[in-house]
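Beneath this line is the structure, given in structure tokens, with notes to follow.
Just so we're clear, the structure is a prediction, and the values are computed from it rather than from any experiment. Chain naming here is simple, since letters A, B, ... match the order of the sequence lines and numbering starts at 1 in each.
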Protein chains: 2
Amino acid sequence: MLIPGEQELALELGCARTTVNRALRELAACGAIDRKRKAGTRVVSQRSQKVSADIPVIRLQVESRQQVYSFELRKQSHCQPPPQVALRMKLSAKDEALFLRTIHFADTRPFAFEERWVNTETVPMIMQADLEQVSANEWLVSQVPLSHGELQLSAIAASKTVARTLKIEDKSPLLKMERLTWLEGKSVTAATIYHVPDHQLRLEF
Amino acid sequence: MLIPGEQELALELGCARTTVNRALRELAACGAIDRKRKAGTRVVSQRSQKVSADIPVIRLQVESRQQVYSFELRKQSHCQPPPQVALRMKLSAKDEALFLRTIHFADTRPFAFEERWVNTETVPMIMQADLEQVSANEWLVSQVPLSHGELQLSAIAASKTVARTLKIEDKSPLLKMERLTWLEGKSVTAATIYHVPDHQLRLEF
DNA sequence: AAGTGGTCTAGACCACTGA
DNA sequence: CAGTGGTCTAGACCACTTT
């Protein structure tokens, strides 16, 4: 459904075009309308729900539950990522990256298990960071002005290794979160985080 | 970290205050800065990642996988919701609501199982809709201009009932999605959707 | 080629809110 | 109460894109 142009609406509503423009720009940001130069503005028919939410650093997730946060860096090495990861991060086969395996705790109980690859070409500074003190998660968020990223959520059954690490039963349902972030076309980090059962992720829209 | 006021920045950058205002407004929308009248504008220190995504109608999720969508309305009744649901939807104890139990299929295979309560006070029109033809999900999205909502994600083990319904193994890991939507302070619908294992939800930021 | 949205300017008044 | 952001106006030029 086509709606009148900005100029016409401004006349009709008795306000400046700038005002109409801003209103329509905001509606477009919400996904309610679709705008194209010359083609005009249309009401989106199959409106999908735009969700937006803050996904905080794990420490804050834990602390917001009034629990004490801590983490343990289980492994830290600079090596070649498996081809699947290299592909996702747009690394060439020979490139090395920083690998980190971390367990996050809430009040001494395991809360999440994280495996992360960091592109040291993009973020060389991280080699100087003391990742025993500040988790890579948090270091990256505070130090790197990232431009763009994606996040995949799924439910999986805990493997034996992960179950043992999180001290839960084998095959428990876990919320698996895969994040991939980019800085100006270069990959920054690829992380897979397994959350203990009962963990809830809340989003709003 | 406090940054200069709009007027000062406009001078510094040699542009109009309106332009600075717009830029800062957009940064605030991204969550990069925090603005308060009189207090000024601050760079947010613990930047959490703003995620945004379209969560399409289930039919479109299925069709985007090149599969044929269908659904089956298993139950439809107008009755009192359990207290827990009534509370979430801000219904009084005596209020009735429309209950719908739906199975969504992708190419004849179960794809998701949905239990939904619809507030018929807010959306009386739905009583006239033919929910065998168009799923409630889709009817609501197309008919109701909702203002606000929330979404909770978690991983759970399939109960026997759900497992049988989705034709999967008992205790398979499911992605559980609880949605609650509002229209001007009144609840519209509360839905719980269980997605088959391996279903992935993609978000971007 | 023409019409649409995108963006900017220079100026104004207002509402909130922290000092 | 004073300074900040929030919002509006009237006008201008530009860039894209469809016809």
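- Per the geometry, CG belonging to B/Leu2 stands 14 Å off P belonging to C/dG18, to the nearest Å.
- You'll find the ring centres of B/His104 and B/Phe113 outside the 6.0 Å limit.
- Under a 4.0 Å N-O distance rule, the pair A/Glu204/A/Arg202 qualifies as a salt bridge.
- The shortest heavy-atom contact between A/Leu174 and A/Ala158 is CD1-CB, 3.7 Å.
- A/Phe71 places none of its side-chain heavy atoms less than 4.5 Å from the side chain of A/Val134.
- Summarising the geometry of B/Pro4 relative to B/Leu9, their closest heavy-atom pair is O-CD1, 3.8 Å, with the distance given to 0.1 Å.
- Overall bending of the helix from C/dA1-D/dT18 to C/dG18-D/dC1, expressed as the angle between end axes built from five pairs apiece, is 20° (10° steps).
- The interatomic distance linking B/Asp34 (CG) with C/dC16 (P) rounds to 18 Å, in whole Å.
- Formation of a donor-acceptor pair under 3.5 Å by the B/Ser154 side chain with backbone atoms of A/Asp198 is not found in this model.
- Of all nucleotides listed (C/dG18, D/dT18, D/dG6), D/dG6 comes nearest to the side chain of B/Arg35.
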Completion exercise
B/S/- along nucleotides 7-14 of chain D (protein heavy atoms under 4.0 Å) is BSBBBB--
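- Side-chain N or O atoms of A/Asp34 include none that pairs as donor or acceptor with a backbone N or O of A/Arg42 at under 3.5 Å.
- Using a 4.5 Å heavy-atom cutoff, the side chains of B/Val188 and B/Thr181 are in contact.
- Atom pair A/Leu11:CG and C/dT4:C1' shows a separation of 16 Å (rounding to whole Å applied).
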